[in-house]
Amino acid sequence: QVQLVESGGGLVQAGGSLRLSCAASGLTSSSYTMGWFRQAPGKERELVAAISWTDGTTYYVDSVKGRFTISRDNAKNTVYLQMNSLKPEDTAVYYCAGRTGWGNYRTPLMYRYWGQGTQVTVSS
């Protein structure tokens, strides 16, 4: 019943911006965490940003701090990732993910629900 639908990926030049969105359906509790992961070929999947629906606590991986912003729309059960000043190294498939709770929020295995992924390509 839980479904995550991502949108907003695409091709952008270095220095440009993209806004990803993820609409979650089927969740009946607000005590969950939504996160954005990314995975490039040959690399481990890493958490880019996460937000707690309980209190809005956020996390960002060091490489995107100051450039990316995660936000939420409670009424729409939607999480956004605003990506500014994009770099070629940001190129990856970005996945929306959800889980209950906040503990160990950086660990992909803790997230039960996943979107299909959306490709973000940043050209030089």
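- Annotation: the span from Thr100 atom OG1 to Trp53 atom CH2 amounts to 14.5 Å, rounded to 0.5 Å.
- Tracing side-chain contacts under 4.5 Å through hydrophobic residues (I, L, V, M, F, W, Y), one never reaches Tyr80 starting from Tyr105; they form parts of separate clusters.
- One distance of note links CD of Glu46 with OH of Tyr95; it measures 13.0 Å at 0.5 Å rounding.
- By the 6.0 Å contact criterion, CZ on Arg45 is enclosed, its count of non-hydrogen atoms from other residues, nucleotides or ligands being greater than 12.
- With a 6.0 Å radius and a threshold of 12 heavy atoms from other residues, nucleotides or ligands, Gln13 has its CD atom at or below the threshold.
- At least one donor-acceptor pair under 3.5 Å links the side chain of Glu6 to the backbone N or O of Gln116.
- Contact detail for Met110 and Gly103: the closest heavy-atom pair is CE-O, 4.0 Å.
- A tilted orientation is assigned to the rings of Trp114 and Phe37, their planes being inclined by 30° to 60°.
- When the side chains of ILVMFWY residues are joined at heavy-atom separations under 4.5 Å, either directly or via intervening members, Leu11 and Leu18 end up in two distinct hydrophobic clusters.
- Atom CD of Glu44 has 12 or fewer neighbouring heavy atoms from other residues, nucleotides or ligands inside a 6.0 Å radius.
- No salt bridge links Lys87 with Asp90; every basic N to acidic carboxylate O contact stays at or beyond 4.0 Å.
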For the pair Val79 and Trp36, evaluate side chain to side chain contact (heavy atoms under 4.5 Å, CB included) and give the outcome as yes or no after the intermediate values.
CA-CA 9 Å; Val79 62; Trp36 288 98; 3.9 Å; yes

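- In this structure, CG in Leu47 is found 11.0 Å from OH in Tyr60, a value given to the nearest 0.5 Å.
- Residue Leu4 comes nearest to Cys22 through the heavy atom pair CB-SG, 3.9 Å, listed as atom of the first residue, atom of the second, then distance.
- Side-chain atoms of Arg99 never come within 3.5 Å of backbone atoms of Pro108 as a donor-acceptor pair (strictly under, hydrogens ignored).
- Taking both residues in full, the closest heavy atoms of Asn84 and Gln82 are given as OD1-NE2, 3.0 Å, listed atom of the first, atom of the second, then distance.
- Taking both residues in full, the closest heavy atoms of Tyr111 and Ala50 are given as OH-CB, 4.0 Å, listed atom of the first, atom of the second, then distance.
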Should Tyr32 and Arg112 be marked as a side chain to side chain contact (heavy atoms under 4.5 Å, CB included) after you check the CA-CA gap, both sets of side-chain angles, and the distance that decides it?
CA-CA 11 Å; Tyr32 57 88; Arg112 180 177 180 180; over 6 Å; no

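- Listed here is the closest heavy atom pair of Val48 and Val64: O-CG2, 3.8 Å.
- Side-chain atoms of Thr107 never come within 3.5 Å of backbone atoms of Leu109 as a donor-acceptor pair (strictly under, hydrogens ignored).
- Looking only at distances, a side-chain donor or acceptor of Thr91 sits under 3.5 Å from a matching main-chain atom of Val122.
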Take Met83 and Arg67, measure what side chain to side chain contact (heavy atoms under 4.5 Å, CB included) needs, and give me the verdict at the end.
CA-CA 6 Å; Met83 304 184 292; Arg67 300 188 297 120; over 6 Å; no

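- Linking ILVMFWY side-chain heavy atoms closer than 4.5 Å, directly or via other members, places Tyr94 and Val5 in two distinct hydrophobic clusters.
- When every heavy atom of Cys96 is checked against every heavy atom of Met34, the shortest pair comes out as SG-CE, 3.5 Å.
- Here the OG1-CG distance, from Thr69 to Leu81, works out to 8.0 Å after rounding to the nearest 0.5 Å.
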Residues Tyr59, Ile70; criterion side chain to side chain contact (heavy atoms under 4.5 Å, CB included); working and verdict:
CA-CA 9 Å; Tyr59 162 84; Ile70 189 169; over 6 Å; no

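- Taken to the nearest 0.5 Å, the OG1 atom of Thr33 stands 12.0 Å off from the CZ atom of Arg106.
- In this structure, OG on Ser7 lies 9.5 Å from CZ on Arg19, to the nearest 0.5 angstrom.
- Contact annotation: the side chain of Trp102 approaches that of Thr57 to within less than 4.5 Å [non-hydrogen atoms, C-beta and beyond].
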